[in-house]
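In this chain, residues are counted from 1 in sequence order. Ligands are counted one by one from 1 in listed order, and the atoms in each one are counted from 1 as well.
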Amino acid sequence: MKTLNHINEERLFRNLSKSSEIGAIPGKGLRRLALSDEDKEMRDIFKAWCEKAGLTVRVDDFGNMYGRREGKKALPPVVLGSHLDTQPAGGRFDGVLGVLLALEVISTLNDHNIETDRPVEIVNFTNEEGARFEPPMLGSGGIAGVFDQEYVYSRKDRDGHSFQEELQRIGYKGEKENRLGDFHSYVELHIEQGPVLEDENKQIGIVEGIQGISWLEVTVTGEADHAGPTPMHLRKDALMAAAEIMHNLEKKIANTEVTVTVGKISASPDTVNCVPGEVYFTVDIRSTDDSLREEAVEEARTLIREVCQERQVDVETTALWNTEKIDFDKGIIDAIEESVEDSGYSSRKIVSGAGHDAKYMNNIGPTAMIFLPSVNGKSHVPSELTLDEDIISGANVLYQTTVALAEE
Ligand code: HGY
Ligand code: MN
Ligand code: MN
Ligand code: MN
């Protein structure tokens, strides 16, 4: 079904550049951590934009923000959205495009007085990144029943502030009854965050699923010592043990099917002339094949244990987050594909290497995603970039898909 697409590019890019100012860091990046002052500032602006577009705004007990546009019929809504929080030194497109292009779809429907059969809701999910409060997607995972409210509220940042107190502090602790109810479909537009679309010169990625992700946290405890008088053979150096573990995680476990990423590293004491007695780090293991991922997690645990035994240091390895590979809804994928074909854009099917709120939305309703190319495949860095013409194509596809899905 051909629909005229008249997104308002000036409005869209004005909103995007405003978002790019809130939490701006050098290199055109963003630091807008979940439930931070910057997140509050952006939420307030987004709320005002939603109200200006005639949406009814509500906030649930996880701080998820919903803007609702009524339809002709009291049917379950078509839902569009993503997240406005970013990595500590992230980009200005990750998550943001999904929320702002959803708003642009609403504004375009308004511009042309289009009344859809189904209501349309747009959503900003809390803490998708999991950079401040682990694990990721606490907002979408909360409404999908993956995490209960008590668990989410108890999560603490590195300074010991809890999710609950920060949600309260910024004034976005809403009501449980405001959570998203039954919905017809969820479509999340997002940047690819990898090199495939650019490499194959494709304008749109039609996302069929998301790979599985496992997070481990590891604490190695040896003995702190003076760096000078302590002979090497008498040391229990926690950092050297961790270094050997990290080297072997890459050499023995990572491969073309399984990615392994070590991060969030801290050592104490952390000075030039002390042997570190305690080291903390995380391990992120991903694969599109769940059995390979689970095998890799077990091999990592064994490797960590064996290195520490040999070095006579203690170690505690705990599972922080586990998600299986998911496949999106065929009907929604087809609706996206039809919109892409109608618009004449080049596209390819793709499985997401990154996690998204759509992962959990897929647990509770028909879901799929639209990807836009990332320049040089870069993301989670200030230099993250998606070109204007690709943003416009994405807005057109999201608009067309929404109009199609919102028709009974
Ligand atoms: O970890 C992820 O893949 C997502 O960006 N939070
Ligand atoms: Mn994201
Ligand atoms: Mn991200
Ligand atoms: Mn804090």
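- Salt bridge status for Arg293 with Asp289: absent, with no side-chain N to carboxylate O gap under 4.0 Å.
- Atom numbering of ligand 1 starts at 1 in the shown order; those under 4.0 Å from a heavy atom of Ala354 are 3 (O).
- For ligand 1, none of its N or O atoms has an N or O atom of Asp94 under 3.5 Å away.
- Ring-centre distance between Phe147 and Tyr360: below the 6.0 Å cut-off.
- When only interatomic distances are considered, the shortest N/O to N/O separation between Gly355 and ligand 1 falls below 3.5 Å.
- The Mn ion (ligand 2) has an N, O or S atom of His83 under 2.8 Å away, backbone or side chain.
- Using the six-membered ring where Trp is involved, His190 and His83 have ring planes that are tilted, between 30° and 60° apart.
- Taking the centre and axis of the six-membered ring of Phe133, the NZ or CZ atom of Arg155 falls outside the cone set by 45° and 6.0 Å.
- Considering all non-hydrogen atoms of both residues, Val207 and Phe328 come closest at O-CD1, 3.2 Å.
- Residue His380 approaches ligand 1 through these ligand atoms, each under 4.0 Å from one of its heavy atoms: 5 (O).
- For Gln87, the heavy-atom gap to ligand 1 stays at 4.0 angstrom or more.
- Looking only at its N/O/S atoms, Glu129 has OE2 as the one nearest to the Mn ion (ligand 3).
- A distance below 6.0 Å separates the ring centres of Phe371 and His356.
- Taking distance alone, with nitrogen or oxygen atoms compared against 3.5 Å, Glu128 approaches ligand 1 more closely than that limit.
- When atom types are taken as modelled, the side chain of Thr367 and the backbone of Gly365 share a donor-acceptor pair closer than 3.5 angstrom.
- At a heavy-atom cutoff of 4.0 Å, ligand 1 is contacted by no atom of Gln193, backbone or side chain.
- With respect to Glu134 and Lys264, a salt bridge is recorded, a charged nitrogen being found less than 4.0 Å from a carboxylate O.
- Only the side chain of Arg286 comes within contact range of ligand 1, with a heavy atom under 4.0 Å; no backbone atom does.
- With 2.8 Å as the limit, Asp94 counts as an N, O or S neighbour of the Mn ion (ligand 2).
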